[in-house]
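Contents: one structure, followed by commentary.
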Amino acid sequence: MPEGHSVRRLARQFGDVFAGRRLAVSSPQGRFSGGAALLDGHTLLTAEAHGKHLFLHFDNSLVLHVHLGLYGAWSFGGDRTFTGASSIGAPRRVGEQEAFADGDDDADAAYAGPPAPVGAVRVRLASSHGWADLRGATTCETITAAEAEAVLARLGPDPLRNRRGDAGRFAANLQRRKTPVAALLMDQKIIAGIGNVYRAEVLFRLRLHPWLPGSAVPDTAARKLWRDVVALMNDGVADGRIITTPPKYWTLDGTTAAKAAAVGLPVPARSSSFPSREDAHFVYKRHGLPCRVCRTVVLMADLAGRNLYWCPQCQQE
DNA sequence: GTATAATGGTCAG
DNA sequence: TGACCCTTATACG
């Protein structure tokens with residue numbers, strides 16, 4: 001997925017293009033026809049992200065709750081006032097970033113409404129000036145505000161909110177368990193929004209052994225971990241991509257700011273360039289390659305059904 | 001064409 | 001721990 005940074009960007013985009021708009025809501029695929037009917041013709045008030053959960057609040061006090069899961073993605077389109085990404089969600093290749101519209105379309109063509117749905121579109125939202133299609137989500141449901149609150153109650157602190165006391169709550173959540181820290185970081189009750197890429201990368205950046213029990217993580221390390229996740233995920237929101245390596249590790253074939261602007265990609269937020277796919281991570285999907293820091297071969301192992309990547313030299317207990 | 005992977009989560013046992 | 005759900009792009013016959 002789509003880790004927390006993507007969902008945050010989605011909430012922002014829905015707010016930007018659809019808030020205050022009356023929406024036609026349908027389920028071309030048919031699997032969500034009932035839920036869509038409850039929202040059809042209503043106005044979107046706000047869009048919120050909590051961890052990996054997206055909540056779209058409508059003027060009849062119902063909420064569209066979406067969790068992209070492993071494969072889910074939204075695609076967008078519309079007239080010239082309809083800005084932002086053309087697709088956000090499950091990447092199909094490692095390090096893939098959001099797709100943006102070409103921008104070379106015939107400028108005077110009037111907006112003719114959404115195209116015929118392609119593939120299995122679970123839900124389509126359409127205003128008078130644009131549309132959004134959802135495919136492959138693990139959760140797509142129409143719920144009440146109270147039910148939305150219940151979903152939130154099950155989530156741990158969200159690094160992209162970073163509210164007062166969250167670092168301490170996160171540290172306590174970690175230290176209460178003997179489970180390996182690498183598994184705890186994926187538990188949304190412990191911390192909400194981290195996925196398989198951020199967990200591998202942040203453990204490397206803190207030089208933490210993945211199998212270290214949560215109870216053995218010192219308070220200072222837990223708080224440093226929280227701060228690093230906050231910083232990395234905020235970068236992810238700005239970049240529209242997960243980049244965990246600093247520029248000193250980037251080779252010259254990445255996307256430059258000029259190149260990005262020319263193609264309509266987001267302009268690199270933190271530097272004069274984006275790294276290439278290969279340079280964006282320290283260990284994620286780099287098993288069999290030399291560690292960027294110590295040249296030891298990066299390893300991969302199955303931990304609770306997901307692939308974990310780490311450097312056995314840099315990350316010792 | 002058919003298989004497989006992919007940045008998730010839930011439920012049963 | 002394992003089975004299962006969701007969808008699509010890519011790799012491989």
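Letters A, B, ... are given to chains in the order of the sequence lines, protein chains preceding strands, and every chain is numbered from 1.
Rounded to whole Å, the distance from CD1 on A/I88 to C1' on C/dT8 is 18 Å. Rounded to an integer number of Å, the gap from CG of A/D302 to C1' of B/dA6 is 14 Å. Atom OH of A/Y309 is separated from atom P of B/dA5 by 11 Å (rounded to the nearest Å). As a whole-Å value, the separation of A/L185 CG from B/dG8 P is 12 Å. If you take CG of A/D187 and C1' of B/dG9, they are 11 Å apart, rounded to a whole angstrom. What separates CG of A/L68 from C1' of B/dT10 is a distance of 17 Å, to the nearest Å. Atom CG in A/L70 sits about 11 Å away from atom C1' in C/dT8, given to the nearest Å. Taking atom CZ on A/R306 and atom P on B/dG9, their separation rounds to 8 Å, with Å as the unit.
Distances shorter than 4.0 Å separate none of the side-chain N or O atoms of A/R122 from OP1 or OP2 on C/dC5. A sub-4.0 Å separation between OP1 or OP2 of B/dA5 and a side-chain N or O of A/K285 is absent. For B/dG9, the OP1/OP2 oxygens have a side-chain nitrogen or oxygen of A/H67 closer than 4.0 Å.
Across the P atoms, C/dG13 and B/dA5 are found 14 Å apart, a figure rounded to whole Å. Between C/dA9 and B/dG9, the two C1' atoms lie 22 Å apart (nearest whole Å). Taking atom C1' in both B/dT10 and C/dT8, one finds a spacing of 22 Å when rounded to whole Å.
By the 6.0 Å and 45° rule, A/R12 does not stack over the aromatic ring of A/F14.
For a distance-only test at 3.5 Å, the side chain of A/T138 qualifies as a donor-acceptor partner of the base of B/dG8.
Residue contacts shown for A/R199 are absent, as no nucleic acid heavy atom lies under 4.0 Å away. Counting non-hydrogen atoms under 4.0 angstrom, A/Q29 reaches the backbone sugars and phosphates but no base.
Residues A/L174 and A/I190 meet the side-chain proximity criterion, which asks for heavy atoms closer than 4.5 Å.
Taking every side-chain heavy atom of A/Q188 into account, B/dG9 is the closest of C/dT7, B/dG8, B/dG9. Checked against C/dT8, B/dG9, B/dA6, the side chain of A/R135 finds its nearest nucleotide in C/dT8.
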Run the numbers on A/E201 and A/T244 for side-chain hydrogen bond (donor to acceptor under 3.5 Å, both in side chains), then give the verdict. CA-CA 7 Å; A/E201 293 297 303; A/T244 59; 2.4 Å; yes

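Using a 4.0 Å cut-off between charged nitrogen and carboxylate oxygen, A/D228 and A/K224 do not count as a salt-bridge pair.
Looking at A/F55, A/F32, A/F58 one by one, the single match for ring pair (Phe, Tyr, Trp, His ring centres under 6.0 Å) with A/H65 turns out to be A/F55.
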